[in-house]
Each structure stands twice: as structure tokens, then as C-alpha cells.
*Asks:* 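Got a structure for you, written out below as C-alpha cells; questions coming shortly.
Numbering starts at 1 and runs along the sequence shown. What you see below is based on every heavy atom in this structure, not just the backbone, and it leaves out hydrogens, waters and symmetry mates.
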Amino acid sequence: MRIFRFVVRRLLQLIPVLLGVVVLAFLLVRVLPGDPVRSILGPNASAEDAEAARVRFGLDKSLWQQFLDYLGGLVTGDFGTSIQSGNSVGSEMALRIGPTLELVVIAVTIALVVATVLGVWSARRANRLGDHSVRMFALAGNSVPEFWLGLVLVLVGYSILGWFPAPNGRVDPDTNLTPITGADLVDAVLTANGPAFASAAAYLALPVLTLVVGVVAPLLRSVRASALEVLHSESYAAAQAHGLRGRTLHYGYLMRATLVRLPSLAALVFGTAIGSTVLVEYVYSWQGFGQWALRGLLYRDYPVVQASVLVIALCYVLVFLIADVVHAILDPRVRL
């Protein structure tokens, strides 16, 4: 019941935060240099054509009226019309967000498991060869740019070894996958399409590996540092002195205390992974949310940029809410 009240209270606190994001995104995108109509029509378009386009997209109205129209649309779930394509931003976003969320959620989940296992293992072997190897891996993961790593993985995994499909899609069209959520792996499960599942998993492997290497490094360093702190604590030494079994000592003391800080860091890493998908999606022609948002920014497509910022902010605050709840469950000292 306390957790339920905490979640409701936090959800109510999100309203002013998201309203602030809406206002800032609306104003900032309009102070950027460049004209969205000229970006779409080109420099040779006549003044009459440009004015007709501004009227069509409501850009001829005052700034205040544009904001009220945008706010009214949000209340009814209407994100506006894309200046580039003339289609509904909501329908375009629905097609793009599923593939990106699938990519990020799988990558962050794998990174959390790898960081937990390797971080604790490394801390228990501090200053030995295995520990040094793990720390070097974490340093390399922090140093290597995602786009470069993606290109190397394509070169090795596709061009040289031929183990993975070409980086030009998300699933083999011959599998006749019926799209439901836009996340191909999930859709393959929902439609019980085995060949589509195998194909989607093969297409996901290299992009997921690229993201995992990038986001696992900060998690790994944090888990190792927390585990070392627990191993050198008086409470852990006292538990050892009382002759507790190794399994109880490991899961009851070391793992629980080590993972207390992980939810907050995982929430930060989740946000970083969403930002990193822009480059990863370009390398693998993923046609996801990040690629769509970046193209909207390049063309000054106001409705697309505003919707992208709002959705990313919403993902951030929801992930941090989940992290706070998990933190409270792991650490009873935290008051909800």
C-alpha cells in the first residue's frame, strides 16, 4: 500500500515536469535558425507556395495561438501533422517507437546482467588477473564510440564471417511477419511465427551488442566499487565470523547490498542508451525512433521534434520512478 501511494504521488508530480518540458520544447525549437517550410519546399519555391504551406501547418498564426493549438491537441492525444510527410505525427511515432524500445530494453537488460555478474566476480578477485581484465574491458567500453564499434561489428560479423544478416532492415520480408507492436521480436512471439523470430533475433544481435558494450561500462564500474565496499565492511566481516554458509553470505549480504545503487544508475544508463540509438540506428538502417527524431530536427519539423522531446522525457521520468521503487524494495531504510 505504501508503494502504491508513493507511485500515485510521484505520477502526480510528473504533471508539472512534463508541462515544463512541453513549454520549453515548443519555444526552443522555434528559436533555432532555419525555416521548416523552406527546408521542405527548397530555396526555389515561390513566396505563394511557401505562404500556402505555412497556412496549412498553422505557422502563420501567432506564437501564442500555435501553443494553445498544440496544447489542445496534446489533451486529445493529437501530436500534430509532420511538415515533412504531411502524415499524423502520432501514427508515425507509433511505427518507430516499438523497434527502438525493443533495441534499448534488450540491450540494457543484458548490460545489467553482465555488469552484475562480472562486477561482483571482479570485486571478489580484486587486483588479480581476472579483475584487471574486467577493468580493461570497462575502460575500453567507455572509450569506444558506438558508431565506430557498429561499423567494426558489421565488417567482422557480416562482411568477413557472414554470421549475421546485412545491416539494412529488422526482419527478413520473406517471413511474412504481421506487425502489431512494431517490435519485430515481440510481434513474432505474438503471432507464433518461428522463422520471423529467428530472423528478428539475427538482425538484433549486432545492434544490441553495439549498445551493450557502450552502456555496460559505467554499470560494471559501479557494481565492482559497491561490491568492494561491501566486502570490506564490518557487517560483512561479522557475518563471515559467525560462520554463515557461502550461499547465504553471497546472496543475503553481498548481492543485496551491492545492488542497492544499481537501479538509479540503470535509469541514467537507459536514458543514455536512448540517445545512443540515433547513431546505432543509422549504422544499421534500423528506421527507429532516434533516426526519425534526428531527421525531424534536421528539417526543423516542429511537431516531430516536440513529440520526440516529450516522449523521451516521459520515458526518463517513468524509468526513474521504477528505479526509485526498486531501490526502496532493496533498501528498507529508504522511506516511501
*Asks:* Taking the side chain as every heavy atom from C-beta outward, state whether V208 and V212 have any atom pair closer than 4.5 Å.
*Replies:* yes

*Asks:* With side-chain contact (heavy atoms from CB on, under 4.5 Å) as the test, would you mind laying out the steps for V309 and V29 before giving the verdict?
*Replies:* CA-CA 10 Å; V309 173; V29 74; over 6 Å; no

*Asks:* Are L18 and F79 connected in a single hydrophobic cluster, I mean Ile/Leu/Val/Met/Phe/Trp/Tyr linked by side-chain heavy atoms less than 4.5 Å apart?
*Replies:* yes

*Asks:* When rounded to the nearest 0.5 angstrom, what distance separates CD in Q65 from CG in D60?
*Replies:* 10.5 Å

*Asks:* So does L12 have more than 12 non-hydrogen atoms from other groups sitting under 6.0 Å from CG?
*Replies:* yes

*Asks:* Measure the spacing between CD of E146 and CG of L279 and express it to the nearest 0.5 Å.
*Replies:* 7.0 Å

*Asks:* Donor-acceptor check, side chain of D184 to backbone of A200, threshold 3.5 angstrom: yes or no?
*Replies:* no

*Asks:* Relative to each other, are the rings of F26 and Y70 parallel, tilted or perpendicular (30° and 60° limits)?
*Replies:* parallel

*Asks:* Spell out, as yes or no, whether a donor-acceptor pair under 3.5 Å connects the side chain of T76 to the backbone of G73.
*Replies:* yes

*Asks:* Determine, stepwise, if the pair T210 / V283 fulfils side-chain contact (heavy atoms from CB on, under 4.5 Å).
*Replies:* CA-CA 10 Å; T210 307; V283 171; over 6 Å; no

*Asks:* Please say whether more than 12 non-hydrogen atoms of neighbouring residues, nucleotides or ligands are located less than 6.0 Å from CZ in R221.
*Replies:* no

*Asks:* Would you check if the side chain of E281 reaches a backbone N or O of W286 as a donor-acceptor pair within less than 3.5 Å?
*Replies:* no

*Asks:* Specify the closest pair of heavy atoms between V317 and L314, including all atoms of both residues, with the distance to one decimal.
*Replies:* CG2-O, 3.2 Å

*Asks:* Evaluate the side-chain proximity of L14 to L318: yes if any heavy-atom separation is below 4.5 Å, no if none is.
*Replies:* yes

*Asks:* What closest approach, in Å, do T191 and T178 show between heavy atoms, and which atom pair accounts for it?
*Replies:* CG2-O, 4.1 Å

*Asks:* I need the minimum non-hydrogen distance between R170 and G182, along with the two atoms involved.
*Replies:* NH2-O, 4.1 Å

*Asks:* Between atom CZ of F147 and atom OH of Y284, what is the distance when rounded to the nearest 0.5 Å?
*Replies:* 13.0 Å

*Asks:* Is there a side-chain contact between F197 and L185 (heavy atoms, below 4.5 Å)?
*Replies:* yes

*Asks:* Distance alone, cut at 3.5 Å: any donor-acceptor contact between the side chains of R30 and Q306?
*Replies:* yes

*Asks:* If you measure only the distance, is there a donor-acceptor pair under 3.5 Å linking the side chains of W292 and E92?
*Replies:* yes

*Asks:* Describe, in one word, how the ring planes of F320 and Y316 are oriented to each other, choosing from parallel (under 30°), tilted (30 to 60°) and perpendicular (over 60°).
*Replies:* parallel

*Asks:* Between N168 and S285, is any side-chain donor less than 3.5 angstrom from a side-chain acceptor?
*Replies:* no

*Asks:* Evaluate N87 against S82 for side chain to side chain donor-acceptor pair (under 3.5 Å), listing each step before the verdict.
*Replies:* CA-CA 6 Å; N87 298 324; S82 169; over 6 Å; no

*Asks:* Using a 6.0 Å cut-off, check whether atom CZ of F57 has over 12 heavy atoms from anything other than its own residue.
*Replies:* yes

*Asks:* After noting the C-alpha distance and the side-chain angles of L63 and F67, does the key distance pass the side-chain contact (heavy atoms from CB on, under 4.5 Å) rule?
*Replies:* CA-CA 6 Å; L63 196 63; F67 178 70; over 6 Å; no

*Asks:* Looking at D131 and R125, is any side-chain nitrogen of the basic one under 4.0 Å from a carboxylate oxygen of the acidic one?
*Replies:* no

*Asks:* Looking only at atom types and distance, does a side-chain atom of Q66 sit under 3.5 Å from a main-chain N or O of K61, one as donor and one as acceptor?
*Replies:* yes

*Asks:* Please check this pair: side chain of S222 against backbone of P218, looking for a donor-acceptor N/O pair closer than 3.5 Å.
*Replies:* no

*Asks:* Within the 4.5 Å heavy-atom criterion, are P207 and L209 side-chain neighbours or not?
*Replies:* no

*Asks:* Quick one: do V117 and V223 satisfy side-chain contact (heavy atoms from CB on, under 4.5 Å)? Show the steps, please.
*Replies:* CA-CA 9 Å; V117 173; V223 170; over 6 Å; no

*Asks:* Looking only at heavy atoms, what is the nearest atom pair of L254 and A227, with distance?
*Replies:* CD1-O, 3.9 Å

*Asks:* Is there a continuous path of hydrophobic side-chain contacts, each under 4.5 Å between heavy atoms, that joins L24 to V21?
*Replies:* no

*Asks:* How many angstroms lie between atom CZ of R295 and atom CD of Q291, to the nearest 0.5 angstrom?
*Replies:* 6.0 Å

*Asks:* To the nearest 0.5 Å, what is the distance between CG on L206 and CG on L211?
*Replies:* 11.5 Å

*Asks:* Please tell me whether L74 and V23 are part of a single hydrophobic cluster in this structure, the criterion being side-chain heavy atoms less than 4.5 Å apart.
*Replies:* yes

*Asks:* Can you tell me which residue among V108, V113, L112, I106 is in a side chain to side chain contact (heavy atoms under 4.5 Å, CB included) with I110?
*Replies:* I106

*Asks:* Are any side-chain N or O atoms of T100 and backbone N or O atoms of F289, one a donor and one an acceptor, separated by less than 3.5 Å?
*Replies:* yes

*Asks:* With the 4.5 Å side-chain cut-off for hydrophobic clustering, are M93 and V105 part of the same group?
*Replies:* yes

*Asks:* Would I83 end up clustered with L297 when hydrophobic side chains under 4.5 Å apart are linked, directly or stepwise?
*Replies:* yes

*Asks:* If we ignore hydrogens and angles and just use 3.5 Å, is the side chain of S122 paired with the main-chain N or O of G119 as donor and acceptor?
*Replies:* no

*Asks:* Does a sphere of radius 6.0 Å around OH in Y282 hold more than 12 heavy atoms from other residues, nucleotides or ligands, not counting ones at 6.0 Å or beyond?
*Replies:* yes

*Asks:* Is there a donor-acceptor pair closer than 3.5 Å between any side-chain N or O of D172 and the backbone N or O of T175?
*Replies:* no

*Asks:* To check you understand the geometry: which heavy-atom pair defines the closest contact between L220 and A138, and what is its length?
*Replies:* CD2-CB, 4.0 Å

*Asks:* Which pairs would a plain distance check flag for residues 148-158, meaning a side-chain donor or acceptor within less than 3.5 Å of a matching protein atom at least two apart in sequence or in another chain?
*Replies:*
none

*Asks:* When rounded to the nearest 0.5 angstrom, what distance separates OG in S91 from CZ in R96?
*Replies:* 11.0 Å

*Asks:* Does any N or O in the side chain of T277 come within less than 3.5 Å of the main-chain N or O of V280, such that one atom is a donor and the other an acceptor?
*Replies:* no

*Asks:* Looking at N193 and A196, what are the two nearest heavy atoms and their distance?
*Replies:* OD1-N, 3.1 Å

*Asks:* For the pair D187 (side chain) and T181 (backbone), establish whether a donor and an acceptor sit closer than 3.5 Å, ignoring hydrogens and angles.
*Replies:* yes

